[in-house]
Every structure is written in C-alpha cells, then in structure tokens.
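First comes the structure, then the notes that go with it.
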Amino acid sequence: MHLSRYFLPVLRDTPKEAEIISHQLMLRAGMVRQSSAGIYSWLPLGLRVLDKIANIVRDEQNRAGAIEVLMPTIQSADLWKQSGRYEDYGKEMLRIEDRHEREMLYGPTNEELITTIFRDGVRSYRDLPRNLYHIQWKFRDEIRPRFGVMRGREFLMKDAYSFDLSEEEGRRSYHRMFASYLRIFARMGLQSIPMAADTGPIGGDLSHEFIILAETGESQVFCHQDLIDGAIPPIDLDYDGDLTPIVDKWTSLYAATDEMHDAAKFDAEVPSDKQVSARGIEIGHIFFFGTKYSEPLNCKVQGPDGTPVALHMGSYGVGVSRLVGGIIEACHDDGGIVWPVPVAPFEVGLINLKSGDAGTDGACASLYERLINAGIDVLYDDTGERAGAKFATMDLIGLPYQLVVGPMGVANGMAEVKDRKTGDKQEVPIDTVADTLIDRVKSQRILC
RNA sequence: CGGGGCAUAGCUCAGCCUGGUAGAGCACCUGGUUUGGGACCAGGGGGUCGGGUGUUCGAAUCAUCCUGCCCCGACCA
C-alpha cells in the first residue's frame, strides 16, 4: 500500500476523551474513531489488525475442530423468552421493535440461537460431539462504556458452543478449547493466564477467564509466577488426544481474579517469592453450563439406547475487538504502538526519505515490489513529508520493521532496517535487504 | 443509575469571572527556502462558540432547561 493513496488520519495531539494508552494510541494512529459512547468506526489500519486477530482465532479454532458459522446480529425476542433470559438480561440488552411491532434485540450473545440451530439439525448421538463458532458483532448496553475499544458497547467477539452427549464428553470439549485458547493468545504475542472464574449456578471447576497482565487492567489478579511463562501447547497438538495433562498443569498452580481470590489459600500454596499480584485484562472466557439451555429449548438427541438426551453444552468467548486494545496495552512505548508481527497491520514500513528523487524512488519501487511479491504486507511512505515526520508516524503506528531508503544510502548501495521493538538500526546492502526482511518477517508470523 | 467535570477551527487549547459580535499552536491550501528523527518565511481557507429559551440596545461570556462526551463508583467479553 502506498501511503499517498491510503487513508491514515494520524493525530499529533492526544484527544482529550481518551484516558488509557491503548485508546489514545488507537485514536492517534488513525485506527478507530468514536461514533458514540462505546461505539467505534474502524478505519483501514485498525480494521487490518482486527482482521488479523480474527484470522488467528479462526485458524486455531479450526485446528481444534470447531466449525465456523455466522449468526445474525439481530435476534427475535421469542427465543429469549423461552430460555427465560429475556427478563433476566435486563437493560444491558438492546431491545428493538420492527415495523410490525415485533420484539427484536441486538444480540449480546448467542446461546439461544445456536442451540435451536443445532437442535434442528441433529437427531442422533452419532452426530456428536460438535463445536460451532462464529465471529460476530455483539451489543451490550453497558452502564458505562470506557477504555475505548476495551470496554465498548458494540464489540466483535468470537463465541464457540460445544455440544456433547454427557458431562464427561463435555469436559473433553472444554479441554480442547482450553488448549486452543492458550495457543490463540500466544500466537498474538500475549502470554495469557487461565484463572479460575465464577461458575455461576452450575458449579464445578469448568470456568476460566484468560487474563493478560497489563498495568491498566480492569481487575486485580493473583497468580503463581511460573504461570507467566508456562509452556504453550505445540502447533501440532492432537486435539483428539487426552488433553487433561495440559489443563492440569495449567490449573494446578494458583491463579484467581479478585472476586475469586482466597488470600489464605494463596499464601499457603504459593511461596512468597512466587506470588504475583497484578492488574489484568480479561481477553477470553470459557465455561461449561451443562443443560441450562438445551433443556428449555429442547435440544436433545437420541442416545444409544433410544432415549432422548439433553445435550451438555459449553460456551467459549474471545473478545476480538478488545484484543486490539489489549495488545496495545501490552505492546507500546513512548513512541507509539509496537505490533507483534502476527497482528501488525503491515509488517514492513518502507520509508522513502526523499520522494521525487530518482534514486530513492527507483530503489523503493523495486524493494516494494520484491516484498509484495514475497507476500509481505508493506506500507510504503512515498509522501513528500520530511524525514522526521515520517519516522515519527512510522513509530506511532508501530509496524515491526522500518526499511529506510535515503539518497546517501542509495549512493552507497545501502538501506537501513530498524527494528521497532528493540530500536536497533542496521545497515544492509540494498541488494539483499529485501531477502533479509522477508526471512525475518516470515519467521515471526507464527510465534508458537 | 449516584457523584464530579467538560463542550469555542480537523486536534490541543485561550477568551467567559468584569457582555460590545472570536483567537493561538499544530494540521490544511498557495508560493518560496529547506530536506536522515514531527523545519522556516510569507500569504490564505476554515467556527450559526453543543442545542433551546430567557435577561439585555447587544450574549461564546449572565440565567435556565436539554443533549452529548469524559472521569470515579456499582456492573461486565
């Protein structure tokens, strides 16, 4: 992409409505614009990140055997009346009336809908287990939206729903998602920590919030130090195999958010030099709820003995749009955002220090072409801005690598590669710099 | 929903107290000088001062109502 033809409205000053760093940087880097409280438009740069995150989630969910569908944002109130949640959900649910005065709602989640879809498509226990997911916009009319995209009213979420014949089978489905989640976040450069969460009326031990640590996190969390660099399941993990060792390993050490925190237990189980007390951001939540929806919505199949059995279900959410903010909270410095390669809107920022100069124009054009042909996402700053402004903008939007081409370098056959994260600058012969970058970028596309 | 704050140019803000018809920096346009870490000079465009009502000869400024947004709290992926 040529910057001169792109839409990247960057801001030099920080808009005053933004309080936390990710919100400030997303506004400044031209990623989003607020449309109303907790509702955002995604500009080109932000959308690219959103898509990359969604694709990682998609890739890993598919790997774990989940199957993608797409349900609507608008749902009928009837369904929710059947499950009893139409009343329970309260004012957080945005209720709408259509022209025929039918009660509709903008979906805050999809348990009811997916349950009926699955119910109507399956008759036999032989069709189990299944896990269906979609990545769709949700709306929850939060009392007080804040923190930009991290706590918006409209948000993009991946939600998966598992269907099993028994609780035992359901537990296996839960474990698959547990392992998949560790990989999803690790692939974005985030170390997530599964923490025991409130299971609500169902009880049991099958509910975990996946938390990343960040100073601006909204909740206080407590955990064992060793979880912070716990081993991530490998890319070729066999999801049909026994995953309990992985889950056990991750859940054997203490980890809890403040509402589940037990100070006495924490002190007893975790040596004082391993005790971590920090702020955290919830980026995923998985839980098993048995037959809570399958019973009222009559989602049953015939079991081996011919009797109908209500299915055991779980649901598994990832806050896709929230992750954009979450990653920035975890990955920034004074100059701006520092994207991990797998989610970077562009992988390389090519800077022509003297647009209009035949030498740099030619060198940049050929470098751009080679990178693009190799499948690298490149943003080429071919504008007439001064060098300093170009550097500042590139740092702000946080592309992992900057490839700097100036008249002096071209004269010597050299270009400069800057690593955004470390700040290291390296002079590389202009003939080989494209290959060097291609290798470096590709080696970092999947971090685990 | 309770408490607090803000609303003037695309962004950051001054002007308001003490009423006299709107400013700065950055951004943008034109010309020139510049050109390796957010340049400089000159000229220029852009605002029904969030909206209504009232007070007044006259309101960005005073009064009042409304709306929007932000922060703290309870609530949440």
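Below, chains carry the letters A, B, ... as their sequence lines are ordered, and counting in each starts from 1. Below, each value reflects all heavy atoms present in this structure, side chains not excepted, and no hydrogens, waters or symmetry copies.
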Can you give me every donor-acceptor pair (side chain of residues 88-96 of chain A, partner residue at least two apart or in another chain, under 3.5 Å) with its distance?
| unit_1 | atom_1 | unit_2 | atom_2 | d |
| --- | --- | --- | --- | --- |
| A/Arg95 | NH1 | A/Tyr86 | O | 3.1 |
| A/Arg95 | NH2 | A/Tyr86 | O | 3.1 |
| A/Arg95 | NH2 | A/Gly90 | O | 2.8 |

- Item | Complementary nucleotide for B/rA63 - Watson-Crick or wobble, under 3.5 Å |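 B/rU53 is the nucleotide pairing with B/rA63.
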
- Query: Among all residues two or more places apart in sequence or in another chain, which pass the side-chain hydrogen bond (donor to acceptor under 3.5 Å, both in side chains) test with A/Tyr380?
  - Reply: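 Checked A/Tyr380 against side-chain hydrogen bond (donor to acceptor under 3.5 Å, both in side chains); matches are A/Asn352.
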
- Task: Go through the structure and list residues passing side-chain hydrogen bond (donor to acceptor under 3.5 Å, both in side chains) with A/Thr216, not counting sequence neighbours.
- Result: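 side-chain hydrogen bond (donor to acceptor under 3.5 Å, both in side chains) list for A/Thr216, sorted by chain: A/Glu329.
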
Sticking with atom [atom1], work out how far [N] lies from [M], rounded to a whole angstrom.
N: B/rG4; M: B/rC57; atom1: P; result: 36 Å
N: B/rC16; M: B/rG2; atom1: P; result: 33 Å
N: B/rU35; M: B/rC70; atom1: P; result: 45 Å
N: B/rA60; M: B/rU8; atom1: C1'; result: 7 Å
N: B/rC28; M: B/rC11; atom1: C1'; result: 12 Å

- Heavy atoms under 4.0 Å is the rule here; annotate nucleotides 66-77 of chain B 5' to 3' with B where the base is hit, S where only the sugar-phosphate is, and - elsewhere. ---SSBBBBBBB

- Note on the structure: Expected string for nucleotides 23-40 of chain B under the B/S/- scheme (protein heavy atoms, under 4.0 Å, primed atoms plus P, OP1, OP2 as sugar-phosphate) is --BSS------BSBBBB-

- Query: Going from CZ on A/Arg153 to OH on A/Tyr40, what distance comes out if it is rounded to the nearest 0.5 angstrom?
  - Reply: 10.0 Å

- Task: With a 4.0 Å heavy-atom cut-off, tell me which residues in residues 325-336 of chain A come close to RNA chain B, sorted by residue number.
- Result: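 Correct list: empty, so none.
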
- Query: How are the rings of A/Phe178 and A/His208 set relative to one another: parallel (under 30°), tilted (30 to 60°) or perpendicular (over 60°)?
  - Reply: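 Perpendicular.
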
- Query: Do other residues, nucleotides or ligands put more than 12 heavy atoms under 6.0 Å from A/Glu295 CD?
  - Reply: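 Counting neighbours around CD of A/Glu295, more than 12 heavy atoms of other residues, nucleotides or ligands fall under 6.0 Å, so yes.
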
- Query: Do A/Arg140 and A/Phe155 meet the cation-pi criteria used here (NZ or CZ under 6.0 Å from the six-membered ring centre, within 45° of the axis)?
  - Reply: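 Ring-cation test returns no.
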
